K.L.:
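Can you keep this structure in mind? I'll have questions shortly.
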Amino acid sequence: MNEQAPISRDERVKKLEGLGSSRKRVEDVRFTQGAGNYVDDIKLDGMLFGDFVRSPYGHARIKSINTEAALAVPGVLAVITAADLKPLNLHYMPTLAGDVQAVLAEEKVLFQGQEVAFVVATDRYAAADGVELVEVDYDELPVINDAFKAMDDDAPVLREDIQDKMEGAHGTRKHHNHIFNWQEGDKEGTEKALAEADVVVEEMITYHRVHPCPLETCGSVASMDPITGKLTVWGTFQAPHVVRTVAALITDIPEHKIRIISPDIGGGFGNKVGVYPGYICSIVASIVTGKPVKWVEDRIENLMATAFARDYHMTGKLSATKDGKITGLSAHVLADHGAFDACADPTKFPAGFFHIVTGSYDIPVAHVSVDGVYTNKAPGGVAYRCSFRVTEAAYLIERMIDILARKLDMDPAEIRMKNFIKKEQFPYNSALGWEYDSGDYHTALEQALKAVNYDDLRAEQTENRAAFERGETRSLMGIGVAFFTEIVGAGPVKNCDILGLGMFDSCEIRIHPTGSATVRLGTISQGQGHATTFAQIVASEIGIPAEAITLEEGDTDTAPYGLGTYGSRSTPVAGAATAMAARKIRAKAQMIAAYMLEVHEGDLEWDIDRFQVKGNPELHKTMVEIAFAAYSLAVPGLEPGLEAVSYYDPPNMTYPFGAYISVVDIDVDTGVADVRKFYALDDCGTRINPMVIEGQIHGGLTEALAIVMGQDISYDKHGNITGGSLMDFFLPTAVETPTWETDFTVTPSPHHPIGAKGVGESPNVGGVPALSNAVHDAFAHKGLTHTQMPHDHWRVWKTAQSLGLTG
Amino acid sequence: MIPGSFEYHRPPTISDAVGLLVSFGDDALILAGGHSLIPMMKLRMAVPEYLIDLQDISSLKSISVEGDQITLGAMVTQAELIASSALSEKCPILQTTSLQIADPQIRNVGTIGGNVANGDPGNDMPAVMQLLDATYTLVGPNGERDVKARDFYETAYFTERADDEILTAIKFTAPAAGHGSAYEKQKRKIGDYATAAAGVVLTMADGICTSASIGLTNVADTPLWAEASAAALVGTSVDEPAIKAAMDAAKAIADPAQDSRGPREFRIHVTGIMVQRAIQQAVKNAQ
């Protein structure tokens, strides 16, 4: 034993490729060679294809549906309508938000692109030909495309199915198009603070409707085995176990007879959290036909009908002393949820975690009130690369604090420094009820300001403005400062659930006799690199190399129950479960090592990849040796084997934060805002894989750029969606994407087993205000207070024009 | 995004292709690079029963530069236009413009003939061909005829080409040696149609503009040859008032619709800015 030439401790650490290693992504071998296996790659014997007939109208009554011509198309086997689903009680399905959503429209269509009939055929072409020939006779109805008009007295009733049901999932509805009112905080105290303040700024800030637009659209393949009665569904699911439970609840198929598999997923960003009519229809069609049925939406369908994000109209009031100390915040949100409330939030939080809106600031009193309304738009309201409604909240407070700074003639960085929660105040209880676990905001912003030479940038801006006045340039420079606090890792079971299912997560580790391991999680990667990074957690915890660890996710027949991947919850929750399961392994390994070395357990200490005798490191057993012993030695009092499972209920959320600074140059003649510089400092606690973190930051910032500079799902007065194809929906390419500079500080989470906080969504939360603030800053000296996103060419030009700069 | 069914033909010669067009009549469409037609078929906005692919007709793939006479076969790709040193020497605006069409993958397949024949006002080459005063050769059952690019476009997607004709070649005289040119295009991203775009070719002698021609893209139902805009430059030193006059003349004929790029007013404004910048760049490029 122990005969190999000894290698240094550093080399042993390096060999593990554990925490802190920029290990290359193991997934990329297949992804970069076109060998991924996505839903649309699944081909089964006799598989049929389904395709939707969708509503061309925003609001219309269905007079009749004639399927005769479609059924005559060779290859078309069935056309399913609401009339077929109703006897099965499947014409409506429950949403994650406590509402119901039509699977296929019964009497009315409520948004353009709504699913009306499902054509099932032997191939995609026949299905598409069938879709063309289904004749639906509509009577158009008046459309509500403006949330501010949804609760007018004479507003048409959108949801006739719940017209008489004034008790909603979140309290009493006050109008037939009202969904809920949700409040948090001290209303009276906030009103008093506002009334008594030296200065109050107020602004209505809209965060427009956008769409996650993942590279892979949504889809499913359902296969009901008529012999075993077992239903298998492959699909683009960010939460496979939740889908299994929902499927069991609505179909009466027992849960052990349902297998949900999420294969490789080509990006989710929240788009694949919800349950869509296509999933239900493929299942029903498989049960009806006895054959596997595939449904995959196309890009236009994805943009039109599956899960938008944002659409929040936020009125903020921020009060302060005359020297810039914030004294109170009130926020009212008019939330446009579309035709059905299908928001993907923890059930008790109809506005998600919007009440993180006090941000990174020590605000003594605050109040938020959110009213959700129905409109003739697609349902959704998902957390597009952010925790639940956190990017909306961050955008509001980060715009408001800039507006306050202008009013007080203070620098945006200075006013933030003045109001930050101080390092010694953590754990910090916010006015809206959150307990921030940790933070060091002053250090982060100081590091950021220094890194970008902030004072020099401001001096350059002063010179630019003077040159503009002299007519020497038509370009205006803007500097955007944003500081965000994310709230991720939903979440503690005591207050976070989805349809009653607590938002814990899970990990199962099996150490094999020869010292390699299989790790299974309740989450599912959509590109985040779980197979790479979770193996690193295990590697550091139990001392076997990451390359000897295989990670499996996404198959409910094999993975432990988990609530899935969204809201940056995988690392905070499943990552914690992984560390805890690994620690169970290590505890048992210690007992085995003690037996092998004939010492007392307490005489052993853990060192990188082994247990060694305290004071005599020559006497040790590596984890690989212990693994074999676990399967070969009869250790008195211990069961054979080396496995562990952990279900982790986090004691609190984690609170990643960051300081972002951007510089834009705006061509006032064309409205083009060119991002010259973008610096992102992130603090996500312990950093598992710096390269993967950097990749996450780059991706998230690019999506933030897309949202700020052009993404826009809007509707015209007839209810027609505009921006529903990639011709118009802004998806930046490498050419439009600036260079992202990344930086970090490390403030570990005190309650997470390895101190990690989650990072995937921070860049969207911080990136949107940083870029928008820069555009506003360019015009601030001309008196611009606020203008709504997106800051696309014509809107920026219009701003310049309204300020008299385009002459 | 699934097209209807169609019959695919790949004739070896122009006359075979014309023969197929004649026999299939209205139900046939011609496929060149396919970057406009195939998306339209997938959206079922175009539902041809017969698709006649020109890619096997080698006579459509040549670039000919003889003296100052340039002839481009309809199936010459944008990538080939960019790669041709003879063209970039004689008429660099073709290269400048091609480089602003989408991305390299698209330019490897997209053709000059398809770009000009389709009648899509968003396409960049028609305005360039108008400002170069190019002539299109159309071949049909009754033989060959020439139509000026300036006379070819009727309205969006409607042109002088009859259903049974194929646009086979584009001919023009290269601008005078020493000319300057530029193509300025404002777009939201790579691959987008222009909010507005302007092409300029001009010649300068002793600091005075001796000739000019200007074309506009995507600011009306058809490409626009901005004759008055160019005329405003000739005989001037291309100073600020002259450029302003050229901008105003271009804006006066621009007639864009509101779309997601912005309202009409903005797109007309950008038309002026693109004309201004293209003129300034062309003057810089002129000898």
Side-chain angles (χ1 to χ4, degrees), chain A residues 49 51 73-75 119 121 123-133 217 296-302 474 667-672 705-706 709-714 716 721-737 790 792-798 800-801 806, chain B residues 1-6 35-36 39-45 47 99-100 102-106 120 122 184-198 218 240 243-244 247 251 256-278 280:
Chain A
F49 295 82
D51 199 353
V73 173
V119 176
D123 64 77
R124 275 197 176 138
Y125 290 83
D129 287 346
V131 166
E132 288 282 298
L133 294 173
T217 59
V296 176
E297 64 183 358
D298 68 26
R299 177 61 59 196
I300 291 174
E301 292 178 297
N302 178 254
R474 298 291 291 152
D667 180 337
V668 297
D669 289 327
T670 59
V672 175
L705 174 85
M709 299 304 185
Q711 285 192 351
D712 187 16
I713 298 282
S714 55
D716 70 12
I721 188 168
T722 58
S725 86
L726 292 188
M727 180 73 104
D728 288 318
F729 190 75
F730 179 53
L731 209 59
T733 70
V735 175
E736 290 80 38
T737 304
D792 55 9
H793 300 170
W794 86 263
R795 287 181 174 90
V796 170
W797 174 76
K798 198 172 72 171
Q801 188 193 38
T806 54
Chain B
M1 295 293 277
I2 304 273
S5 62
F6 55 87
H35 282 304
S36 299
M40 287 173 76
M41 287 170 62
K42 285 182 163 187
L43 293 167
R44 299 199 177 206
M45 289 160 75
V47 194
L99 282 168
Q100 297 192 54
D103 53 60
Q105 284 179 308
I106 304 258
D120 183 340
E184 290 288 328
K185 178 178 182 182
Q186 181 161 345
K187 55 184 185 286
R188 298 168 299 180
K189 59 173 279 191
I190 288 294
D192 191 18
Y193 287 153
T195 304
N218 211 27
E240 218 171 284
I243 293 175
K244 175 79 171 45
M247 289 166 68
K251 284 158 75 173
Q258 168 161 350
D259 66 12
S260 53
R261 292 164 193 81
R264 214 178 121 75
E265 175 201 13
F266 174 62
R267 298 185 62 196
I268 291 173
H269 164 79
V270 174
T271 304
I273 299 293
M274 293 301 106
V275 166
Q276 176 189 37
R277 292 183 183 182
Q280 288 165 344

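All chains are named by letter (A, B, ...) in the order of the sequence lines, taking the proteins before the strands, and each is independently numbered beginning at 1. Keep in mind the model is a prediction, meaning the values are calculated, not measured.
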K.L.:
Could you measure the distance from the OG1 atom of B:Thr195 to the CH2 atom of A:Trp794? Nearest 0.5 Å is fine.
P.N.:
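Atom-to-atom, B:Thr195:OG1 and A:Trp794:CH2 are 12.5 Å apart.
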K.L.:
With a 4.5 angstrom heavy-atom cut-off, could you sort out which part of A:Thr670 is near chain B: side chain, backbone, both or neither?
P.N.:
both
K.L.:
Between A:His793 and B:Gln186 (side chain of the first, backbone of the second, donor and acceptor by atom type, cut-off under 3.5 Å), is there such a pair?
P.N.:
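Not confirmed, A:His793 side chain does not pair with B:Gln186 backbone.
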K.L.:
What's the separation between atom CG in A:Asp792 and atom CZ in B:Arg188, rounded to the nearest 0.5 Å?
P.N.:
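So the CG of A:Asp792 and the CZ of B:Arg188 are separated by 8.0 Å.
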K.L.:
Mind checking whether B:Arg44 and A:Glu132 have side chains closer than 4.5 Å, heavy atoms only?
P.N.:
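The answer is yes, as the side chains (C-beta and beyond) meet within the 4.5 Å cut-off.
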K.L.:
Less than 4.5 Å apart, side chain to side chain, heavy atoms only: is that true for B:Lys189 and A:Leu731?
P.N.:
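When only atoms from C-beta onward are counted, A:Leu731 and B:Lys189 do touch, with a gap below 4.5 Å.
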K.L.:
Between B:Val270, B:Ile273, B:Asp103, B:Asp259, who has the most heavy-atom pairs with chain A when the cutoff is under 4.5 Å?
P.N.:
B:Ile273
K.L.:
Can you tell me how far CD1 of A:Ile300 sits from CG of B:Leu43, rounded to the nearest 0.5 angstrom?
P.N.:
5.0 Å
K.L.:
Taking A:Asp667 first and then B:Arg277, would you say they form a salt bridge - that is, a charged N and a carboxylate O separated by under 4.0 Å?
P.N.:
yes
K.L.:
Would you say the side chain of A:Met727 lies within less than 4.5 Å of the side chain of B:Tyr193, judging by non-hydrogen atoms?
P.N.:
yes
K.L.:
Could you check whether any side-chain heavy atom of B:Pro3 comes within less than 4.5 Å of a side-chain heavy atom of A:Tyr125, counting everything from C-beta outward?
P.N.:
yes
K.L.:
Tell me which of these, B:His269, B:Gln276, B:Arg261, B:Met1, has more heavy-atom pairs under 4.5 Å with chain A than the rest.
P.N.:
B:His269
K.L.:
Quick one, B:Ile190 and A:Glu736 - any side-chain contact, counting heavy atoms below 4.5 Å?
P.N.:
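SC-SC contact between B:Ile190 and A:Glu736 confirmed.
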K.L.:
Over all heavy atoms of both residues, which pair between A:Asp129 and B:Gly4 is shortest? Give the atoms and the distance, please.
P.N.:
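Nearest heavy atoms, A:Asp129 then B:Gly4: OD1-CA, 4.2 Å.
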K.L.:
Who wins among B:Ser260, B:Ala196, B:Ser5 for the most heavy-atom pairs under 4.5 Å with chain A?
P.N.:
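With the most close heavy-atom pairs to chain A, the winner is B:Ser260.
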K.L.:
May I ask you to test the A:Trp797-B:Glu265 pair for a side-chain heavy-atom distance under 4.5 Å?
P.N.:
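In short, these two side chains touch, coming nearer than 4.5 Å.
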K.L.:
Drop me the distance from B:Asp192's CG to A:Leu726's CG, to the nearest 0.5 angstrom.
P.N.:
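So the gap between those two atoms works out to 11.5 Å.
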K.L.:
Would you mind checking which part of A:Gln801 comes under 4.5 Å of any heavy atom in chain B, side chain (CB onward), backbone (N, CA, C, O), both or neither?
P.N.:
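Contact with chain B involves the side chain of A:Gln801 alone.
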K.L.:
Of the listed residues (A:Asp298, A:Val735, A:Asp728), which shares the most heavy-atom pairs with chain B below a 4.5 Å separation?
P.N.:
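That would be A:Asp728.
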